[in-house]
Amino acid sequence: MTSKILLYYKFQPIADPDAVRLWQRDLCEGLGLTGRIIVSKDGINGTVGGDIRACKTYAKKTKEYFKGIEFKWSEGGAEDFPKLSVKAREEIVSFGAPGELKVDENGVVGGGTHLTPQQVNEFVEANPDVVFFDGRNAREAEIGRFKNAVVPDVETTHDFIKELDSGKYDWMKDKPVISYCTGGIRCEVLSSMMKNRGFEEVYQIDGGIVRYGEAYGNSGLWEGSLYVFDDRMHTEFGAPDDPDYVQLGHCVHCSEPTNQFYNCANEPECRQQYLSCEACREKNPYCATCTAEHKAATASPTSR
Ligand SMILES: [Zn+2]
Ligand SMILES: [Zn+2]
């Protein structure tokens with residue numbers, strides 16, 4: 001049995017998100033698919049895995065309602081997801097501003113202009129003052145980003161609005177800005193919020209970093225690894241020994257170059273993901289904060 005994973009999103013007005021949630025849940029249960037699906041009044045965002053024929057049926061049925069939705073097929077299967085979760089939420093990407101986003105049958109209203117990977121390179125060539133703006137959280141950018149990108153100080157997408165309103169990025173408002181994120185969905189929302197706040201010329205990349213990396217590997221404007229939300233925690237666009245590959249991350253303990261994130265072993269109190277080299281991880285499975293606290297606690301047990 002061959003298995004696959006489907007990744008997809010579509011911005012489209014949904015009159016009754018809860019009805020769509022129930023339909024999607026029944027559809028997946030009937031096909032034996034597992035994964036995570038979020039539905040809101042603005043569309044759908046999901047990742048499901050299972051038997052390839054089940055995935056094909058799912059895609060066909062889902063397309064009947066979400067016309068024009070694109071599915072990205074990836075290696076993996078139901079075993080990558082412990083269960084099926086189908087939820088109706090306020091937003092399909094959680095920016096904490098469900099009232100601000102405007103969506104019609106063509107998708108997000110007033111979002112950034114879409115550029116293909118090829119158009120990104122042509123645009124940068126013709127516009128040397130262009131700014132790349134990272135639409136992910138700062139941790140993701142530690143191991144990979146576009147050359148000279150501006151990386152906002154955000155831990156989750158919830159922090160973006162406060163960050164944009166802070167004035168820190170006002171110098172970019174009259175410059176061309178290319179926003180980017182992993183697969184493109186976050187920038188659909190982010191680019192519209194930037195335009196609402198006076199950023200005059202905002203672009204986004206079709207298919208995000210994933211599609212750009214597929215087109216150019218390590219020989220384009222991308223540097224480093226791509227953070228991914230599964231057990232691997234990162235992926236590369238070229239072979240590990242590719243001479244064009246740039247190692248951007250550093251071990252928090254010894255500063256050696258690394259692109260490997262780990263979960264701090266002090267779970268569930270600490271939910272930090274931190275960069276570590278293999279040697280340090282074997283000696284000390286804790287993040288820098290927990291390591292420092294542990295040292296302080298053992299060095300002076302009576303002075304607390
Ligand atoms: Zn180290
Ligand atoms: Zn920790």
Side-chain angles (χ1 to χ4, degrees), residues 36 38 47 76 79-83 85 87 89 93-96 134-163 166 168 181-183 186 190 209 213 217-218 222-304:
R36 187 195 57 98
I38 299 170
T47 312
E79 65 277 9
D80 291 294
F81 308 99
K83 58 185 176 70
S85 155
K87 293 202 167 104
R89 293 236 177 101
V93 201
S94 174
F95 276 80
D134 205 304
R136 304 170 300 160
N137 62 55
R139 173 166 31 83
E140 293 170 68
E142 281 177 33
I143 58 168
R145 53 191 176 259
F146 275 96
K147 220 167 267 182
N148 303 319
V150 171
V151 178
D153 182 18
V154 303
E155 272 184 46
T156 75
T157 39
H158 254 124
D159 301 331
F160 267 110
I161 291 188
K162 187 173 49 127
E163 189 74 358
S166 72
K168 271 193 237 176
C181 59
T182 312
R186 286 180 275 183
L190 176 63
I209 303 160
N218 290 325
W222 178 260
E223 290 183 333
S225 309
L226 173 61
Y227 181 94
V228 291
F229 294 86
D230 59 43
D231 291 343
R232 298 170 298 163
M233 293 199 182
H234 67 90
T235 182
E236 318 306 328
F237 294 128
D241 57 349
D242 186 338
D244 288 333
Y245 175 72
V246 184
Q247 180 81 267
L248 294 182
H250 293 280
C251 174
V252 297
H253 298 303
C254 74
S255 303
E256 277 292 303
T258 180
N259 58 9
Q260 188 60 55
F261 278 102
Y262 292 95
N263 291 312
C264 177
N266 185 23
E267 291 176 304
E269 287 79 11
C270 178
R271 296 200 169 275
Q272 273 289 323
Q273 284 188 347
Y274 69 99
L275 285 168
S276 178
C277 71
E278 268 181 60
C280 289
R281 175 70 183 187
E282 273 170 31
K283 277 183 279 177
N284 170 15
Y286 300 102
C287 75
T289 312
C290 290
T291 302
E293 277 171 11
H294 180 74
K295 270 191 193 140
T298 49
S300 52
T302 53
S303 67
R304 307 189 79 195

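Computed from a predicted model, the values in this text were never measured in an experiment. Atom set for the values below is all heavy atoms of this structure, side chains included, hydrogens, waters and symmetry mates excluded. Just so you know, ligand 1 is whichever comes first in the structure, and atom 1 is the first atom listed for that ligand.
Using cut-offs of 30° and 60° on the angle between ring planes, the pair Tyr274 and Tyr262 is tilted.
Less than 2.8 Å away from the Zn ion (ligand 1), the protein contributes these N/O/S atoms: Cys251 SG, Cys254 SG, Cys277 SG, Cys280 SG.
Donor-acceptor pairing under 3.5 Å is recorded for the side chains of Asn259 and Glu236.
Between the side chain of Thr258 and the backbone N or O of Ser276, at least one donor-acceptor pair lies under 3.5 Å.
More than 12 heavy atoms of other residues, nucleotides or ligands lie within 6.0 Å of CD in Glu267, so this atom counts as buried by the packing criterion. For Glu163, the CD atom sits in a packed shell: over 12 heavy atoms of surrounding residues, nucleotides or ligands are nearer than 6.0 Å.
Considering only heavy atoms from C-beta on, Leu275 stays 4.5 Å or farther from His250 through its side chain.
When SG of Cys290 and SG of Cys270 are joined through the Zn ion (ligand 2), the resulting angle is 110° to the nearest 10°.
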